[in-house]
Amino acid sequence: MTTVTRTDERTPVHIQFDDNNLLPLVFGAHDKHLVRIEQQLGVSLVARGNRVAIVGSEDATKSAGAALRALYTQVREGELVNEGDVDAAVRMAHTSDGESSDRTLIQLHRKKIAARSAPQSRYIEAMRQNEMVFGIGPAGTGKTYLAVCVAVEMFSAGKVDRIILSRPAVEAGERLGFLPGDMQEKIDPYLRPLFDALHDTMPGDQVVRRLTSGEFEVAPLAFMRGRTLTNAFVILDEAQNTTATQMKMFLTRLGENSRMVVTGDLSQVDLPSGTRPGLRDAVDTLQDVPGIAFVRFSDADVVRPPLVARVIRAYDAADKSRGK
């Protein structure tokens, strides 16, 4: 691939690709992927043969070129491109100042998972390199899903013997005692997102077998008390709904050869009014402790449809105006 330098914003920058046969997959049906890049970056893209002309501001042109090169590499490696991949390529290019960079990948049995934002790349690397990691930010940024993916990756590689997934059983407007069924039936809805993430990373029969054998465990936070978790990858999800006491209890369960990942969104606290969230307390207390990594996400890193990011921004703005 080659790029032609231009002298001003009206002069197109041309990118040339080696294999013409791959470009329909890169551009999408009726060039819909090019249109999506144009809309997000405010550039004009015109494809002719194996070349794409880009017109726009210098920064936007660099980002568009980097996004196209990333998508081309993805197709060349045998992967399909969907709208989410286009958004991810634009996001990654935009946050890396238009410079092309290698994708951070999680290799699973069923598929490869690629980072879709710069914070996701940092998050994946942090989980691989640190014993304890905090992923903090709004819903839709991939905090829990990527943690489960890295856990499965490490389990499959024999680096840990168990995966333990936990959540506090606290939700807005609901209390366990008012839900129907026995205790297992009461807590299942709280843990379902963790089950869903597991099932998305490996065949369902393997998940069931691992759950039965105890290699995978999904349990409420209260079940962690008094345990020492060794040779395990441990994830605490929705940690903003823990108290400071619960958070300290959980963090001190870490045993030998284990990894611990804590995820949460401090804008979505469902604790009783006046209760200090354990996640906030942990961030303030542990910020400078060696061996602990903190990765923060923002609404710009939401990898769900763009409308979700706009909804999050609208709620954040409303909360600020109310003085929350």
- Message: Restricting to salt bridge (charged side-chain N to carboxylate O under 4.0 Å, His left out), what partner residues turn up for Glu131, sequence neighbours left out?
- Response: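 Testing Glu131 for salt bridge (charged side-chain N to carboxylate O under 4.0 Å, His left out), a comparison that skips the adjacent residues, returns none.
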- Looking at residues at least two apart in the chain, or sitting in another chain, which of them share a salt bridge (charged side-chain N to carboxylate O under 4.0 Å, His left out) with Arg162?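 Arg162 satisfies salt bridge (charged side-chain N to carboxylate O under 4.0 Å, His left out) with no other residue.
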[atom2] on [Y] to [atom1] on [X], rounded to 0.5 Å:
X	Y	atom1	atom2	result
Leu23	Phe17	CG	CZ	6.0 Å
Gln120	Met92	CD	CE	8.0 Å
Ile106	Ile124	CD1	CD1	4.0 Å
Ile164	Arg253	CD1	CZ	12.0 Å
Leu34	Leu71	CG	CG	9.5 Å
Leu211	Gln206	CG	CD	11.5 Å

Using atom types as modelled, flag every donor-acceptor pair under 3.5 Å from a side chain in residues 275-284 to any protein atom, sequence neighbours excluded.
{"from": "Thr275", "atom 1": "OG1", "to": "Pro272", "atom 2": "O", "distance (Å)": "3.1"}
{"from": "Arg276", "atom 1": "NE", "to": "Asp281", "atom 2": "OD1", "distance (Å)": "3.3"}
{"from": "Arg276", "atom 1": "NH2", "to": "Asp284", "atom 2": "OD2", "distance (Å)": "2.5"}

- Decide yes or no on side-chain contact (heavy atoms from CB on, under 4.5 Å) for Glu58 and Thr61, but give the supporting numbers first. CA-CA 5 Å; Glu58 182 177 357; Thr61 298; 5.8 Å; no
Looking at every non-hydrogen atom in both residues, tell me the closest pair between [X] and [Y] and how far apart they are.
X	Y	value
Val43	Ala60	CG1-CB, 3.5 Å
Ala93	Ala67	CB-N, 3.8 Å
Pro168	Thr242	CG-CG2, 4.0 Å
Ala64	Leu45	CB-CD2, 4.4 Å
Val133	Ala126	CG2-O, 3.4 Å
Val26	Val75	CG2-CG2, 3.8 Å

Is there a donor-acceptor contact under 3.5 Å linking the side chains of [X] and [Y]?
X	Y	result
Ser57	Asp59	no
Asn50	Asn20	no
Asp19	Tyr72	no
Asp301	Thr141	no

Donor-acceptor under 3.5 Å ([X] side chain, [Y] main chain):
X	Y	result
Glu83	His33	no
Thr144	Asp237	no
Asn241	Asp270	yes
Gln240	Gln268	yes
Ser166	Leu221	yes
Asn130	Met132	no

Taking the side chain as every heavy atom from C-beta outward, state whether [X] and [Y] have any pair of such atoms under 4.5 Å apart.
X	Y	answer
Val262	Met247	yes
Met154	Ile163	no
Leu41	Val90	yes
Val160	Asn231	no
Val295	Lys143	no
Phe134	Val261	no
Leu108	Lys112	no
Glu217	Met224	yes

- Please assess Phe216 against Arg209 for the test side-chain contact (heavy atoms from CB on, under 4.5 Å), listing each intermediate value before the final yes or no. CA-CA 9 Å; Phe216 291 177; Arg209 187 165 65 251; over 6 Å; no
- Message: Just to verify, what does Asp161 make a side chain to side chain donor-acceptor pair (under 3.5 Å) with, not counting sequence neighbours?
- Response: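 Not a single residue meets the side chain to side chain donor-acceptor pair (under 3.5 Å) criterion with Asp161.
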If hydrophobic clusters are built from ILVMFWY residues whose side chains come within less than 4.5 Å, do [X] and [Y] share one?
X	Y	result
Val208	Val148	no
Phe223	Met260	yes
Leu80	Ile113	no

- Who passes ring pair (Phe, Tyr, Trp, His ring centres under 6.0 Å) against Phe233, sequence neighbours left out?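 So Phe233 forms no ring pair (Phe, Tyr, Trp, His ring centres under 6.0 Å) with any residue.
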- Message: Any carboxylate oxygen within less than 4.0 angstrom of a Lys/Arg side-chain nitrogen, looking at Lys32 and Glu38?
- Response: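 No salt bridge links Lys32 with Glu38.
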- Query: So, Asp87 and Arg36, do they make that salt bridge, N to O below 4.0 Å?
  - Reply: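 A salt bridge links Asp87 with Arg36.
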- Message: With side-chain contact (heavy atoms from CB on, under 4.5 Å) as the criterion, how do Asp200 and Tyr145 come out once you've worked through the C-alpha distance, each side chain's angles and the decisive distance to 0.1 Å?
- Response: CA-CA 9 Å; Asp200 197 47; Tyr145 182 75; 2.6 Å; yes
- Task: Could you note down all residue pairs passing salt bridge (Lys or Arg N to Asp or Glu O under 4.0 Å) where residues 113-130 supplies at least one of them, sequence neighbours left out?
- Result: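 Residue pairs passing salt bridge (Lys or Arg N to Asp or Glu O under 4.0 Å), neighbours aside: Asp85-Arg116, Glu125-Arg128, Arg128-Glu153.
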- Item | side-chain contact (heavy atoms from CB on, under 4.5 Å) evaluation trace for Thr230 with Asn257 | CA-CA 6 Å; Thr230 60; Asn257 190 42; over 6 Å; no
- Task: Step through the shown structure and confirm whether more than 12 heavy atoms of other residues, nucleotides or ligands are within 6.0 Å of CD on Gln129.
- Result: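 Yes, enclosed.
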